Amino acid sequence: MKYSVFAAAILSASAAYAETPELTVYTYDSFVSDWGPGPAVEKAFEAQCGCDLKLIGAGDGAALLARVKLEGARSQADVVLGLDTNLTAAAAATGLFAEHGVQAEYSLPVAWEDAYFAPYDWGYFAFVHNADAVSVPTDFKALGASDVKIVIQDPRSSTPGLGLLMWVKAAYGDEAPAIWADLADNVVTVTKGWSEAYGMFLEGEADMVLSYTTSPAYHLIAEDDSSKAAAVFDEGHYMQVEVAGKLAASNQPELADQFLAFMVSDAFQSIIPTTNWMYPAVTPADGLPTGFETLVQPGKSLLLAEDEAAAVRDAALDEWLTALSQ
């Protein structure tokens with residue numbers, strides 16, 4: 001009898017576990033890291049959804065789209081979180097994403113009307129350096145003429161890397177090939193993703209790293225360290241808006257919708273500033289953390305419309321490859 005009761009209990013527990021719905025979200029590696037937003041997001045969403053949230057790191061941001069395109073309608077993902085406006089046109093063109101229906105009062109610097117992708121954070125690309133650096137370039141031309149060594153990310157796998165191409169293109173247009181020709185000898189190396197590049201900078205392998213104007217906030221708030229700063233460039237800074245979208249072939253469409261609605265709620269947005277170290281897409285009820293007010297503000301914001309970014313992407317990539325292969 002005891003064994004029968006024990007067996008019944010096991011079967012009952014197994015059945016309950018099997019009935020727990022599972023939502024799979026593809027995102028970038030730093031999001032799911034111990035110090036990223038992933039652990040807190042998972043805990044907060046599971047507390048309200050009665051589900052099992054699986055956050056799967058799939059490389060850096062630009063690698064997400066490549067993986068989803070490869071998997072197609074057979075993808076195990078229900079949601080993709082970590083694309084940006086330089087990739088949304090290409091992502092929508094795949095036909096793999098469904099409309100999201102998210103409603104929110106965004107605090108973005110730009111109007112948002114995309115039916116397929118909902119934003120969750122934003123920021124400005126910048127080159128981060130040691131605050132005590134003797135010489136800090138104030139534009140790309142000065143950087144290219146200097147001996148400053150930089151580490152950047154590959155635009156084929158990384159959204160910051162692609163953002164850098166768009167930054168140069170938006171600022172200089174047809175002059176972009178000449179800018180890259182001058183920058184080529186400043187580049188120490190090109191990494192697959194942001195984490196590797198920032199790690200190299202912290203280890204002293206470069207003078208500057210492509211990152212965000214918000215990156216110094218991490219050091220200031222988490223480490224009580226004011227030794228890092230973001231260089232302000234006179235030609236302006238390119239903006240990144242990070243987004244998430246629901247796959248049309250999702251086995252959990254209602255749960256995916258619930259997650260996207262949660263993504264723009266205070267519970268999610270309040271996690272972003274001190275884990276992803278970006279500006280939240282919807283300002284949390286308590287505002288931004290102390291320390292964010294110290295961040296530099298670009299004098300000019302640059303952002304190509306998603307269709308324009310898609311149109312110039314291949315040419316910009318060719319210009320970059322040509323310059324760095326010389």
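Keep in mind it's a predicted model, so treat the numbers as computed, not measured. Sequential numbering from 1 along the given sequence is applied to the chain's residues.
A distance of 12.5 Å separates OG in S226 from CD1 in I221, rounded to the nearest 0.5 Å. For the atom pair L220 CG and T214 OG1, the distance stands at 12.5 Å (nearest 0.5 Å). The CD atom of Q269 sits 7.5 Å away from the CG atom of D121 when rounded to the nearest 0.5 Å.
For the pair E196 and K192, the salt-bridge criterion is not met [side-chain N within less than 4.0 Å of a carboxylate O]. Using a 4.0 Å cut-off between a side-chain N of Lys or Arg and a carboxylate O of Asp or Glu, D147 and K149 do not qualify as a salt bridge. Taking the charged nitrogens against the carboxylate oxygens, E175 and K141 do have a contact shorter than 4.0 Å, which makes a salt bridge.
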Could you go through V241 and W112, starting from their C-alpha distance and side-chain angles, then the distance that decides it, and tell me whether this counts as side-chain contact (heavy atoms from CB on, under 4.5 Å)? CA-CA 10 Å; V241 181; W112 194 264; 3.7 Å; yes
List the steps and the verdict of side chain to side chain donor-acceptor pair (under 3.5 Å) for Y212 and Q240. CA-CA 9 Å; Y212 300 88; Q240 181 183 45; 2.6 Å; yes
Before you tell me yes or no, could you show the steps for S146 and N186 under side-chain contact (heavy atoms from CB on, under 4.5 Å), namely the whole-Å CA-CA distance, both residues' side-chain angles and the distance that decides it to 0.1 Å? CA-CA 8 Å; S146 74; N186 296 92; 3.7 Å; yes
Side chain to side chain donor-acceptor pair (under 3.5 Å) for E306 and T88? Distances and angles first, verdict last. CA-CA 7 Å; E306 60 177 29; T88 48; 2.7 Å; yes
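Taking 4.5 Å as the limit, some side-chain heavy atom of E242 sits within range of a side-chain heavy atom of M278. Taking 4.5 Å as the limit, every side-chain heavy atom of I150 sits out of range of all side-chain heavy atoms of V188. Side-chain contact between S270 and D286 is absent, with no heavy atoms from C-beta onward closer than 4.5 Å. Proximity of W320 to P155: side-chain heavy atoms (C-beta onward) are separated by under 4.5 Å at one or more points. A heavy-atom distance below 4.5 Å is not found between the side chains of V282 and F268. Counting heavy atoms from C-beta on, the side chains of V243 and L83 come closer than 4.5 Å.
Partners of W122 by ring-ring contact (aromatic ring centres under 6.0 Å, His included), not counting sequence neighbours, listed by chain and number: Y124, Y279.
Under the 30°/60° scheme for interplanar angles, the aromatic rings of F292 and W277 are found to lie parallel.
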Solution key, residues 31-50 side-chain donor-acceptor pairs under 3.5 Å, sequence neighbours excluded:
residue	atom	partner	partner atom	Å
S33	OG	S30	O	2.8
S33	OG	G36	N	3.1
E46	OE2	L53	N	2.9

Residues 228-239, side-chain donor-acceptor partners within the protein, below 3.5 Å, at least two apart:
residue	atom	partner	partner atom	Å
E235	OE2	F140	N	3.0
E235	OE2	Y172	OH	2.4
H237	ND1	F125	O	2.8
H237	NE2	F233	N	2.8
Y238	OH	N86	OD1	2.9
Y238	OH	L304	N	3.2

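Checked against a 6.0 Å centroid threshold, the rings of Y198 and H219 count as neighbours.
Of the possible donor and acceptor atoms, one in the side chain of T294 sits under 3.5 Å from a partner among the backbone N and O of G291.
Hydrophobic clustering, with ILVMFWY side chains joined whenever heavy atoms are under 4.5 angstrom apart, keeps V148 apart from V296.
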